[in-house]
Amino acid sequence: MKPAPILLSTAFLHPAGQALPEPLLALRKQRGAALVDMPMPTRKTENWKYSSKYLKLTDEMAISLPTEGKTGSALAVPGYKVVFINGVVVPEASEYPDLDNILIQRFGDLSDAEASELAERLDSTLDAKAVQFAGLNSARFEDGLIIRLKPGAVLDQPLFIIHEVTADASGSAFPRIFVDAGPNSQITLVEEYISSGQESVFVNSVTEFVLAEGANVTNIRLSMDGDTVQHIGATGVTQQRSSRFESHCVGFGGPLRRHDLRVRLEGKGAECKLNGVVVTQGTQHYDNHTTIEHVSPNCNSEETYRNIATDKSHVVFNGRIHIHPDAQKSYANMHNKNLLLSTGAEIDTKPELEIYADDVKCAHGATIGQLDEESLFYLISRGIGRREANVLLTLAFINELVAQIPVDAVKDTVQIRLNQFFDQVFLEG
Amino acid sequence: MLSIKNLHASVEDKEILKGINLDIKAGEVHAIMGPNGSGKSTLAQVLAGNDAFEVTSGSVTMNDEDLLEKATEERARDGVFLAFQYPVEIPGVSNLQFMRTSVNALRHHRGESEMNAAEFMKLAREVSKQVDLDPAFLKRGVNEGFSGGEKKRNEIMQALMLQPKLAILDETDSGLDIDALKVVSDGVNALRAEDRAILMVTHYQRLLDHIVPDFVHVLAEGKIVKSGGPELALELEERGYAWLGIKEDETAASSAN
Ligand SMILES: Nc1ncnc2c1ncn2[C@@H]1O[C@H](COP(=O)(O)OP(=O)(O)OP(=O)(O)O)[C@@H](O)[C@H]1O
Ligand SMILES: [Mg+2]
């Protein structure tokens with residue numbers, strides 16, 4: 001007889017009573033009910049095989065983190081800004097664009113009619129079976145942001161969303177964003193996940209992008225939560241005809257880091273470009289699961305992920321490309337390169353291709369390697385110190401991807417974090 | 001300047017250098033010739049400090065200091081420069097960043113201030129002109145996608161930027177067309193100086209028409225079997241190595257048994 005599976009603790013199924021319009025409260029309730037017998041992932045759960053052991057949720061972590069009186073770290077950003085603290089928007093700390101054709105609203109500020117329309121569309125970009133924890137966010141979100149771009153609307157500067165959690169006590173946060181990019185609209189959305197405090201907390205975030213015909217969306221996701229934060233996040237994207245989605249995910253490790261990125265190319269000629277960089281050290285973990293569905297013909301996808309792991313850290317990359325029978329003339333390119341800086345580190349990479357159309361161009365490749373001894377010797381033979389040579393070569397591994405991040409301020413933030421990493425990993429001498 | 005005594009070195013337990021003796025004074029140019037696989041590059045790499053090769057006995061001193069004691073980067077900072085036979089491609093590190101880091105590492109070692117980006121750029125442009133490399137090459141990854149000849153010119157460019165005390169040039173003339181050979185030899189001649197020693201490995205007399213060495217040595221089976229003046233190179237060109245009782249290709253010979 002099979003032992004009964006361990007279920008998600010019911011402690012997690014009690015949302016806090018934030019003021020939300022009735023249709024969203026109803027949605028939350030309904031999603032919560034669907035999770036009553038949700039099994040916790042184990043080694044046997046295919047999409048959690050390498051990562052289930054890092055997921056350690058306790059009942060103390062089920063309570064929503066308090067939001068009263070929290071103002072956050074007041075990060076200066078070169079653009080518009082919305083600050084979430086513990087999953088709830090802090091309007092005083094935010095600087096919204098003042099444009100007629102771009103509406104940015106908190107879920108709590110929606111009319112019942114708007115909320116009911118949103119409730120219909122939430123989760124539409126994510127497959128609840130494949131991304132179990134997105135459902136938990138839908139059962140628990142206390143606030144959220146909906147960004148609506150009317151046809152042809154162009155946001156002139158990047159919009160930064162700062163997601164901060166205050167880990168002063170155990171608890172959890174459920175940030176939620178829904179972006180409705182109308183026909184031919186354009187936006188660059190930066191999401192930064194950060195934390196303060198030293199208690200064990202759980203962040204469960206979901207961001208959705210619905211791209212209408214010709215929309216052009218760039219999403220930068222910086223995952224920089226602290227060492228006591230377990231984070232399970234999902235990004236769902238659906239794309240209509242000739243739309244373009246570009247994603248830059250840069251992640252630093254933690255006790256548990258999981259990001260599911262799912263893109264559905266639903267309209268002819270849609271294209272996406274997904275770049276990812278992961279850096280882990282100590283006993284950190286990071287798991288990226290990406291899925292690109294080529295549903296319609298003539299769509300392009302280009303995916304490049306690079307991972308660096310040192311010490312005893314563990315990185316997982318699973319990249320799936322699914323080409324549906326109608327998706328003729330699909331072009332899909334997926335590359336994953338991995339750099340192990342120490343023998344104790346582990347990287348598991350798995351490209352998965354499912355191709356059901358015959359006229360497609362598909363390429364994929366994955367490599368795992370170490371720093372090249374010959375290159376190292378070449379550099380130090382010119383008088384460059386070993387530490388600096390190591391740094392140059394490690395940077396060289398991800399330079400190309402960092403350079404492509406289209407917002408300089410984010411590039412600088414990444415560079416500062418990388419320098420901290422190098423200071424800790426490559427010792428002087 | 002450089003004194004090599006009874007140097008033995010091996011790689012993966014196979015002895016390659018079997019007792020090298022060589023003295024080079026400041027201001028001199030020495031050429032080393034010899035069949036493929038005789039150990040010329042091994043000697044060059046050992047001098048530069050490649051620890052893929054193990055020195056099993058013997059000594060090397062430079063200006064009376066034990067060279068073998070020093071780490072690779074310290075040797076470079078003390079003036080050892082190796083132009084690689086096969087320069088390494090390093091995508092992701094720009095040539096400019098690479099050279100600036102190395103020039104500044106040497107300046108730092110000498111107690112000089114670092115060169116700022118503008119000063120460095122000015123120098124780099126001048127030197128790249130001297131070796132006939134388009135300054136656009138500075139922006140590319142180190143040797144990334146460079147042709148064989150461009151890589152060799154890039155090595156000479158680095159030598160000119162770093163102004164070493166001992167320049168070891170491993171087949172910097174190989175694979176060059178006639179014009180490039182002229183550019184590279186002009187570069188090497190520009191390096192010739194009272195206080196600098198040059199050790200160049202070559203297979204061809206034609207280089208020695210441009211850069212007349214003070215001494216020519218023949219390396220065979222890990223030993224210097226003959227030394228002489230520039231006339232020795234001419235004689236080798238005419239009569240081949242068989243004249244010295246050496247097999248033409250040691251790699252071929254050793255793989256046959
Ligand atoms: N890393 C290595 N591992 C194993 N064998 C090596 C290694 N490096 C050199 N050797 C061997 O050592 C011997 C000497 O090689 P070396 O490169 O010094 O010759 P060379 O005189 O420079 O030849 P060439 O004229 O072809 O450049 C060769 O037999 C070579 O195969
Ligand atoms: Mg050689």
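Here the structure is a predicted model, which is why all the values come from computation and not from measurement. Numbered from 1 within each chain, the chains take letters A, B, ... in sequence-line order.
There is no contact between E400(A) and chain B, counting heavy-atom distances below 4.5 Å. Neither the backbone nor the side chain of E373(A) comes within less than 4.5 Å of any heavy atom of chain B. Heavy-atom distances place no part of P164(B) under 4.5 Å from chain A, backbone and side chain included. For V142(B), the part lying under 4.5 angstrom from a heavy atom of chain A is the side chain only. For chain B, the nearby parts of L379(A) are the backbone and the side chain; heavy atoms of each come within less than 4.5 Å.
In plain terms, the two heavy atoms of A76(B) and G383(A) that are nearest each other are CB-N, 3.2 Å. The shortest heavy-atom contact between R386(A) and A71(B) is NH2-CB, 4.3 Å.
The side-chain heavy atoms of I384(A) and F98(B), taken from C-beta on, include a pair separated by under 4.5 Å.
The environment of NZ in K312(A) is sparse: at most 12 heavy-atom neighbours from other residues, nucleotides or ligands sit within 6.0 Å. Within 6.0 Å of CD on E69(B) lie no more than 12 heavy atoms contributed by other residues, nucleotides or ligands. Shown here is K151(B), whose NZ atom has more than 12 heavy atoms of other residues, nucleotides or ligands within 6.0 Å. Taking a 6.0 Å sphere around CG of N116(B), one finds it holds more than 12 heavy atoms contributed by other residues, nucleotides or ligands. In E374(A), the CD atom is not crowded: 12 or fewer heavy atoms of neighbouring residues, nucleotides or ligands sit closer than 6.0 Å. Applying the 6.0 Å contact sphere to CG of D13(B) captures no more than 12 heavy atoms from other residues, nucleotides or ligands.
If you run side chain to side chain contact (heavy atoms under 4.5 Å, CB included) between R382(A) and each of M161(B), R77(B), Q158(B), only Q158(B) comes through.
Distance CG/L392(A) to CD1/I90(B): 8.5 Å, rounded to 0.5 Å. Note that the CZ atom of R75(B) and the OG atom of S381(A) stand 11.0 Å from one another [nearest 0.5 Å].
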Next item on the list: Verify side-chain contact (heavy atoms from CB on, under 4.5 Å) between Q45(B) and F377(A), making sure each step is shown before the conclusion.
Entry: CA-CA 10 Å; Q45(B) 297 272 330; F377(A) 177 63; 3.2 Å; yes
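Under the 30°/60° scheme for interplanar angles, the aromatic rings of F84(B) and Y378(A) are found to stand perpendicular.
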